[in-house]
**Student:** 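I have a structure here, written as structure tokens, and I will follow up with some questions on it.
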Amino acid sequence: KYKFSTYAERRTFIWNEFAPLLEFLETGSKTPSDQLVSEVLKRFNAESVQEVWEKALDRRQSDPDGAITIARTLLETVCKHILEEKSIEYTHKTDLPQLYRLVSDELNLSPSQHTEEVIKQILGSCITIVNGLGTLRNRVGDAHGQGKRPIRPTDRHAALAVNLAGSIALFLVETWEARDQKKN
């Protein structure tokens, strides 16, 4: 009350302080990592990466099979952008596990490039997640047709796929940025 001389100043202050909370409450479908991943991907300065991430977030609840497909696309897009920035060649036939392997080798994220067992284990798990997201997309995503008894993913499956893809994308971009800054 004593900090501001007018009601308008107080209203503006109160609105600015409560706006993040209200936004979170109104968009209850977001998870805590959504904003962090969004900020880093914006900083990555690749419009197509940001567009794919936004599609993944939008589809988590309304289109679970589409969200699973786009989660895989996010990782593929991030990998391709990093490879292109590093002038590392790949072809249109290079699949996601191969793209990830090229990126992880370049960024020193391959388990074989480390000696600490827990680091090797976590980096190996990242490879497993990338492979699993590709397989999940092929089996339950909307990229392929299904037979008489289709498997229908739920929004929780989609959220898991999108959140995992977002976390891996975040890790790759932050590692790329850190290595790029060391060179400068």
Side-chain angles (χ1 to χ4, degrees), residues 20 23-24 27 29-60 66-138 141-143 157-184:
E23 183 180 331
F24 177 77
T27 59
S29 63
K30 292 190 175 192
T31 63
S33 65
D34 291 356
Q35 184 176 357
L36 176 63
V37 174
S38 294
E39 289 171 8
V40 170
L41 294 181
K42 280 181 188 171
R43 202 172 61 224
F44 187 49
N45 204 18
E47 188 176 318
S48 60
V49 171
Q50 187 62 30
E51 286 176 14
V52 171
W53 173 243
E54 292 297 329
K55 282 182 190 177
L57 293 177
D58 291 344
R59 293 180 183 177
R60 276 190 301 209
I68 289 168
T69 297
I70 204 76
R72 182 209 173 275
T73 302
L74 173 67
L75 290 178
E76 184 176 26
T77 305
V78 167
C79 286
K80 286 181 176 182
H81 277 272
I82 292 172
L83 292 172
E84 289 168 10
E85 286 289 327
K86 296 289 188 178
S87 300
I88 298 172
E89 293 184 24
Y90 62 89
T91 69
H92 69 280
K93 291 184 179 184
T94 309
D95 64 6
L96 179 59
Q98 293 169 322
L99 291 168
Y100 184 80
R101 191 170 301 112
L102 289 169
V103 169
S104 64
D105 286 344
E106 178 63 27
L107 297 180
N108 197 31
L109 297 175
S110 176
S112 64
Q113 295 170 316
H114 296 271
T115 56
E116 183 64 38
E117 198 57 40
V118 69
I119 300 296
K120 292 172 80 162
Q121 181 183 14
I122 289 172
L123 294 175
S125 296
C126 289
I127 293 169
T128 302
I129 289 169
V130 170
N131 292 340
L133 287 171
T135 302
L136 185 66
R137 174 258 192 183
N138 289 340
D142 64 359
H157 299 113
L160 178 63
V162 170
N163 294 339
L164 286 171
S167 294
I168 298 285
L170 173 71
F171 182 59
L172 291 176
V173 171
E174 287 185 329
T175 303
W176 175 77
E177 287 176 338
R179 293 183 56 82
D180 202 45
Q181 287 175 358
K182 279 185 181 179
K183 290 182 180 181
N184 294 333

**Student:** Give me the atom names and distance for the closest heavy-atom approach of Val103 to Cys79.
**Tutor:**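 Reported closest heavy-atom pair: CG2-O, 3.6 Å.
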**Student:** Can you tell me how far the CG atom of Leu41 sits from the CG atom of Leu170, to the nearest 0.5 Å?
**Tutor:**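 Going from CG on Leu41 over to CG on Leu170, the span is 7.5 Å.
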**Student:** Between Tyr90 and Gln98, does the side chain to side chain contact (heavy atoms under 4.5 Å, CB included) criterion hold? Intermediate values first, please.
**Tutor:** CA-CA 9 Å; Tyr90 62 89; Gln98 293 169 322; over 6 Å; no
**Student:** Under the side-chain contact (heavy atoms from CB on, under 4.5 Å) test, which residues partner Ser167, sequence neighbours left out?
**Tutor:**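 None.
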**Student:** So which atom in Ala71 and which in Ala161 form the shortest heavy-atom distance, rounded to 0.1 Å?
**Tutor:**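 For Ala71 versus Ala161, the nearest heavy atoms are CB-O, 3.7 Å.
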**Student:** Using the rule given for side chain to side chain contact (heavy atoms under 4.5 Å, CB included), can you reason through Phe44 versus Ile82, listing the C-alpha separation, both sets of side-chain angles and the distance that settles it, and then say yes or no?
**Tutor:** CA-CA 10 Å; Phe44 187 49; Ile82 292 172; 3.8 Å; yes
**Student:** Please assess Asp34 against Asn163 for the test side chain to side chain contact (heavy atoms under 4.5 Å, CB included), listing each intermediate value before the final yes or no.
**Tutor:** CA-CA 8 Å; Asp34 291 356; Asn163 294 339; 4.1 Å; yes
**Student:** Let's go through Asp58 and Lys55 carefully: what are the C-alpha distance in whole Å and the side-chain angles of both, what is the deciding distance for side chain to side chain contact (heavy atoms under 4.5 Å, CB included) to 0.1 Å, and is it a yes or a no?
**Tutor:** CA-CA 5 Å; Asp58 291 344; Lys55 282 182 190 177; 5.7 Å; no
**Student:** Quick one about Thr94 and Thr91 (side-chain donor to acceptor, distance below 3.5 Å, no hydrogens or angles considered), yes or no?
**Tutor:**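 Present: a donor and an acceptor within the cut-off.
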**Student:** Taking all non-hydrogen atoms of both residues into account, name the closest pair between Leu57 and Ser38 and its distance.
**Tutor:**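 For Leu57 and Ser38, the tightest heavy-atom pair comes out as CD1-OG, 4.1 Å.
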**Student:** What's the separation between atom CH2 in Trp176 and atom CG in Leu109, rounded to the nearest 0.5 Å?
**Tutor:**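 Answer for the CH2-CG pair, Trp176 versus Leu109, is 14.0 Å.
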**Student:** Considering all heavy atoms of both residues, which atom of Ala56 and which atom of Ile70 are nearest to each other, and what is their separation?
**Tutor:**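 Distance-wise, the nearest heavy atoms are CA-CG2, 3.2 Å.
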**Student:** Checking side-chain polar atoms at under 3.5 Å, does Gln35 have a donor or acceptor matched by the opposite partner on Glu39?
**Tutor:**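 There is such a pair (donor and acceptor under 3.5 Å, judged by atom type) between the side chains of Gln35 and Glu39.
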**Student:** Which value, rounded to the nearest 0.5 Å, describes the distance between Arg101 atom CZ and Asp95 atom CG?
**Tutor:**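 Taking CZ in Arg101 and CG in Asp95, the distance rounds to 8.0 Å.
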**Student:** Answer yes or no: does atom NZ of Lys86 have more than 12 heavy-atom neighbours from other residues, nucleotides or ligands under 6.0 Å?
**Tutor:**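 Yes, because the 6.0 Å sphere around NZ of Lys86 holds more than 12 heavy atoms from other groups.
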**Student:** Ignoring hydrogens, what is the shortest heavy-atom contact between Asp105 and Gln113? Give both atom names and the distance.
**Tutor:**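 Heavy atoms only, the tightest pair is O-NE2, 3.0 Å.
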**Student:** If you round to the nearest 0.5 Å, how far is CZ of Arg72 from OG1 of Thr77?
**Tutor:**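 Answer for the OG1-CZ pair, Thr77 versus Arg72, is 9.0 Å.
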**Student:** So do Leu123 and Phe171 actually touch side chain to side chain, heavy atoms under 4.5 Å?
**Tutor:**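 SC-SC contact between Phe171 and Leu123 confirmed.
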**Student:** What's the separation between atom CD in Gln121 and atom CD in Glu116, rounded to the nearest 0.5 Å?
**Tutor:**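 Gln121 CD to Glu116 CD: 11.0 Å, rounded to 0.5 Å.
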**Student:** List the atom of Gly166, the atom of Val37, and the distance in Å for their closest heavy-atom pair.
**Tutor:**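 Between these two residues, the closest heavy atoms are O-CG2, 3.7 Å.
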**Student:** Measuring from atom CG of Leu75 to atom CG of Leu133, what distance do you get when rounded to the nearest 0.5 angstrom?
**Tutor:**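 With rounding to 0.5 Å, CG (Leu75) is 6.0 Å from CG (Leu133).
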